[in-house]
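So the structure is just underneath, and the comments pick up after that.
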Amino acid sequence: MVYYLAMEYVKGTPYFCQRKTKIKSYPYVEQDSHCEILLIGGGTSGAILNYYLSQEYDVMLIEQDRFGRSCTSCATALLEYQLDDFAADLTKYMSKEEILAVYQMGLDGIAKLEKLVNKLGNHCHFQRRPTLLYTDGAREKEIEKEYAFRVDNGFDCELIEEDNNPFPFFIKKGIYCQDGGAEVDPYLLTKELIEQATNQDHILENTKIVSLTK
């Protein structure tokens with residue numbers, strides 16, 4: 001049996017869109033079109049793909065609503081390389097090498113995004129942020145194992161305990177990473193990527209895909 005999860009976004013004006021600087025309006029499809037690559041969905045992921053692929057291919061980016069008004073409007077502003085699961089949990093499904101590769105991809109992804117937004121002028125308020133993974137006691141041993149795993153494999157982090165806790169709230173055990181994350185405005189990031197892409201005449205919104213023909 002297969003279950004489908006349906007999500008409906010809260011109506012109204014999203015927080016990130018409450019600004020004078022909006023993503024500029026793009027036309028909708030009025031005639032038959034063709035391209036080498038069709039990207040459906042103009043959120044942050046679609047905008048990144050469109051920005052890079054349009055530099056080498058004939059790419060068309062299509063969004064059924066206005067750009068930045070769906071998933072992008074409720075996306076988190078925080079990026080971090082650590083996952084929801086600890087490395088010890090992931091060993092049930094992945095090898096140590098694969099886990100390390102995923103962690104490194106997270107760090108590399110943040111670095112690449114930083115380089116890209118700086119190239120575009122960084123109008124999306126991107127800045128590096130530290131990350132903190134902590135417990136008030138429930139997963140103390142697991143935090144210690146996770147810290148040991150990261151340090152033993154070359155990841156820069158610090159173990160926070162009760163006697164060296166610099167924060168105004170209680171921490172039993174925690175992992176602090178100075179360069180483990182970043183902050184960005186996802187709406188403005190999407191705006192930069194879309195508006196500075198090379199295929200401005202192949203970017204369309206308010207266009208719902210009904211059928212595709214090879």
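Atom SG of C124 and atom OH of Y187 lie 13.5 Å apart (nearest 0.5 Å). Here the straight-line distance linking atom OG1 of T91 with atom CD1 of I99 works out to 5.5 Å at 0.5 Å rounding. Here CD1 of I37 is found 9.0 Å from CG of L49. Values are rounded to the nearest 0.5 Å. Atom CG of N122 sits about 15.0 Å away from atom NZ of K115, to the nearest 0.5 Å. The CG atom of L120 sits 12.5 Å away from atom NZ of K191, with the distance rounded to the nearest 0.5 Å. Between the CG atom in N199 and the CG atom in L53 there is a gap of 9.5 Å [rounded to 0.5 Å].
Residues R66 and I23 come closest through the heavy atom pair NH2-O, 3.5 Å. L193 and T44 make their closest contact through CD1-O, 4.3 Å (heavy atoms, listed as atom of the first residue, atom of the second, distance). Across C157 and V151, no two heavy atoms sit closer than the pair SG-CG2, 3.8 Å. Between L159 and N164, the closest heavy-atom pair is O-ND2, 3.1 Å. Nearest approach of V117 to E192, heavy atoms of both residues: O-OE1, 4.2 Å. I203 approaches A197 most closely through the heavy-atom pair CD1-CB, 4.3 Å.
Contact of the R150 side chain with the C177 side chain is registered, since non-hydrogen atoms from C-beta on lie closer than 4.5 Å. Residues E142 and K145 are not in side-chain contact: their nearest non-hydrogen atoms beyond the backbone lie 4.5 Å or more apart. Within the 4.5 Å cutoff, the side chain of E146 has no heavy atoms near those of the I143 side chain. Side-chain contact between I110 and F126 is present, with at least one heavy-atom pair separated by less than 4.5 Å. Residues I171 and L132 form a side-chain contact, since some pair of their non-hydrogen atoms from C-beta on lies under 4.5 Å apart. Using a 4.5 Å cut-off on side-chain heavy atoms (C-beta onward), F155 and Q104 make contact. Between D179 and D156 the shortest side-chain heavy-atom distance does not fall below 4.5 Å. Side-chain contact between F86 and R139 is present, with at least one heavy-atom pair separated by less than 4.5 Å.
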* Run the side-chain contact (heavy atoms from CB on, under 4.5 Å) check on E158 and I160 step by step: do they pass? -> CA-CA 6 Å; E158 177 185 354; I160 302 296; 3.9 Å; yes
* To do: Begin with the C-alpha distance, continue with both residues' side-chain angles, and end with the deciding distance and a verdict on side-chain contact (heavy atoms from CB on, under 4.5 Å) for T135 and K173.
  => CA-CA 6 Å; T135 180; K173 296 285 183 181; 4.1 Å; yes
* Verify side-chain contact (heavy atoms from CB on, under 4.5 Å) between E80 and L133, making sure each step is shown before the conclusion. => CA-CA 11 Å; E80 55 184 7; L133 178 67; over 6 Å; no
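Linking Ile, Leu, Val, Met, Phe, Trp and Tyr whenever their side-chain heavy atoms come within less than 4.5 Å leaves Y81 and L189 in two separate clusters. Hydrophobic clustering (ILVMFWY, side-chain heavy atoms < 4.5 Å, transitive): Y93 and M105 are in one cluster. F149 is connected to L83 through a chain of hydrophobic side-chain contacts under 4.5 Å among Ile, Leu, Val, Met, Phe, Trp and Tyr, so both are in one cluster. Hydrophobic clustering (ILVMFWY, side-chain heavy atoms < 4.5 Å, transitive): I194 and Y57 are in one cluster. The hydrophobic cluster containing Y26 also contains V59, counting ILVMFWY residues as joined when their side-chain heavy atoms lie under 4.5 angstrom apart, directly or transitively.
With sequence neighbours left out, the salt bridge (Lys or Arg N to Asp or Glu O under 4.0 Å) criterion links K172 to E162. With sequence neighbours excluded, the residues satisfying side chain to side chain contact (heavy atoms under 4.5 Å, CB included) with K208 are Q64.
The distance between the ring centers of F169 and Y134 falls below 6.0 angstrom.
Looking at E63, its side chain never comes within 3.5 Å of a backbone N or O of E205 through a donor-acceptor pair. At least one donor-acceptor pair under 3.5 Å links the side chain of T207 to the backbone N or O of V29. When atom types are taken as modelled, the side chain of Q55 and the backbone of Y51 share a donor-acceptor pair closer than 3.5 angstrom. For the pair Q82 (side chain) and Y103 (backbone), a donor-acceptor distance under 3.5 Å is absent. A donor-acceptor pair is defined here as one N or O able to donate and one able to accept, closer than 3.5 Å; such a pair exists between the side chain of T198 and the backbone of S54. Distance alone, capped at 3.5 Å, places no donor-acceptor pair between the N50 side chain and the G46 backbone.
The pair K24-E195 does not count as a salt bridge, with every side-chain nitrogen at least 4.0 angstrom from each carboxylate oxygen.
Environment of CG in D163: crowded, with over 12 heavy atoms of neighbouring residues, nucleotides or ligands closer than 6.0 Å.
Between Y176 and F167, the angle of the ring planes lies from 30° to 60°, which puts this pair in the tilted group.
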